[in-house]
Amino acid sequence: TPSPPATVEEARRRFQAHVSGESTLPADLRAAVYSAVLTGNDVSTFDELLALFDKTDLHEERVRIMRSLGAASSRELIDRALQFSLYDKVRSQDTVFVIGSVS
């Protein structure tokens, strides 16, 4: 079910603060926030998540990001998510997280 508009707006606000370094998003909220912001099918948000993936060395955070990519519903972003699963920084055993998120 789609998130209510107010929830998505709050998620966007928190996501932007996290990305900009203004504040750190608590780890237990990240998956929900990442998924909520992607429901808008915004390419720049998708790119920001991929940049976060590149910046982190924490496997747990990378898994959160990979699992959220399927929250986008546009064909373009779904195709990009599937292409991303083949990215050399995505471990072969982790591609299932991306593929599972889009199915």
Side-chain angles (χ1 to χ4, degrees):
T1 60
S3 300
T7 303
V8 173
E9 278 308 309
E10 180 63 19
R12 281 191 192 119
R13 186 187 68 72
R14 290 178 184 228
F15 179 73
Q16 288 306 317
H18 179 69
V19 169
S20 71
E22 180 184 322
S23 66
T24 301
L25 190 58
D28 60 335
L29 295 179
R30 289 182 192 169
V33 168
Y34 295 165
S35 294
V37 297
L38 281 175
T39 61
N41 294 310
D42 180 59
V43 173
S44 64
T45 301
F46 190 89
D47 290 339
E48 286 175 315
L49 267 175
L50 297 185
L52 283 177
F53 181 92
D54 283 337
K55 287 179 190 174
T56 188
D57 291 329
L58 297 174
H59 184 256
E60 184 177 316
E61 181 67 1
R62 286 183 166 194
V63 169
R64 273 190 210 101
I65 293 168
M66 288 185 282
R67 286 185 172 182
S68 70
L69 294 178
S73 60
S74 76
R75 176 150 178 103
E76 173 192 0
L77 293 182
I78 295 298
D79 286 347
R80 285 188 60 197
L82 290 171
Q83 286 298 318
F84 176 77
S85 72
L86 303 173
Y87 182 44
D88 63 345
K89 289 189 178 180
V90 175
R91 300 182 324 177
S92 59
Q93 66 266 33
D94 292 341
T95 59
V96 67
F97 296 126
V98 180
I99 294 168
S101 77
V102 301
S103 61

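Follow the hydrophobic side-chain contacts under 4.5 Å out from Ile78 and you never reach Phe97; the two are in separate clusters. With hydrophobic clusters built from ILVMFWY side chains whose heavy atoms lie under 4.5 angstrom apart, Leu77 does not share a cluster with Ile99. Transitive grouping of hydrophobic side chains (ILVMFWY, heavy atoms separated by less than 4.5 Å) brings Phe46 and Tyr87 into a common cluster. Val43 and Leu50 fall within the same hydrophobic cluster, where Ile, Leu, Val, Met, Phe, Trp and Tyr residues are linked whenever their side-chain heavy atoms come under 4.5 Å apart, directly or through other members.
A 4.5 Å side-chain heavy-atom check between Phe53 and Val90 finds at least one atom pair inside the cut-off. When side chains are defined from C-beta on, Val37 does not count as touching Asp42, because their heavy atoms never get closer than 4.5 Å. Side-chain contact between Thr39 and Ser73: absent, with no pair of heavy atoms (C-beta onward) separated by less than 4.5 Å. Side-chain contact check for Pro4 versus Thr7: some heavy-atom pair is nearer than 4.5 Å. Looking at Leu69 and Tyr34, their side chains never come closer than 4.5 Å, going by heavy atoms from C-beta outward. Contact of the Thr24 side chain with the Arg30 side chain is registered, since non-hydrogen atoms from C-beta on lie closer than 4.5 Å. Within the 4.5 Å cutoff, no side-chain heavy atoms of Phe84 are placed close to those of Leu49.
In terms of heavy atoms, Ala36 sits closest to Ala11 at CB-CB, 3.7 Å. Nearest heavy atom pair, residue Ala17 against residue Ser20, reads O-OG, 3.2 Å.
Distance check, rounded to the nearest 0.5 Å: CG of Leu52 to CZ of Phe15 gives 5.5 Å. We find the NE2-CZ distance between His59 and Arg64 to be 11.5 Å, quoted to the nearest 0.5 Å.
Arg67 contributes no side-chain N or O that, together with a main-chain N or O of Val98, makes up a donor-acceptor pair within less than 3.5 Å. A donor-acceptor pair under 3.5 Å links the side-chain atoms of Asn41 to the main chain of Ser74, judged by distance alone. Side-chain atoms of Ser101 come within 3.5 Å of backbone atoms of Gly70 as a donor-acceptor pair (strictly under, hydrogens ignored). Although no hydrogens or angles enter the test, the distance criterion places a donor-acceptor pair under 3.5 Å between the side chain of Thr95 and the main chain of Ser92. Judged by distance alone, the side chain of Arg62 and the main-chain N or O of Thr56 form a donor-acceptor pair under 3.5 Å. In this structure a side-chain-to-backbone donor-acceptor pair under 3.5 Å is present from His18 to Leu25.
Ion pair Arg80/Asp47 flagged as a salt bridge, since at least one NZ, NE, NH1 or NH2 atom sits closer than 4.0 Å to an Asp/Glu carboxylate oxygen.
Each of Glu10, Glu9, Gln16 was scored for a side-chain hydrogen bond (donor to acceptor under 3.5 Å, both in side chains) with Arg13, with one residue passing: Glu10.
Counted within 6.0 Å of CD on Gln93, heavy atoms from surrounding residues, nucleotides or ligands total more than 12; the atom is thus considered enclosed.
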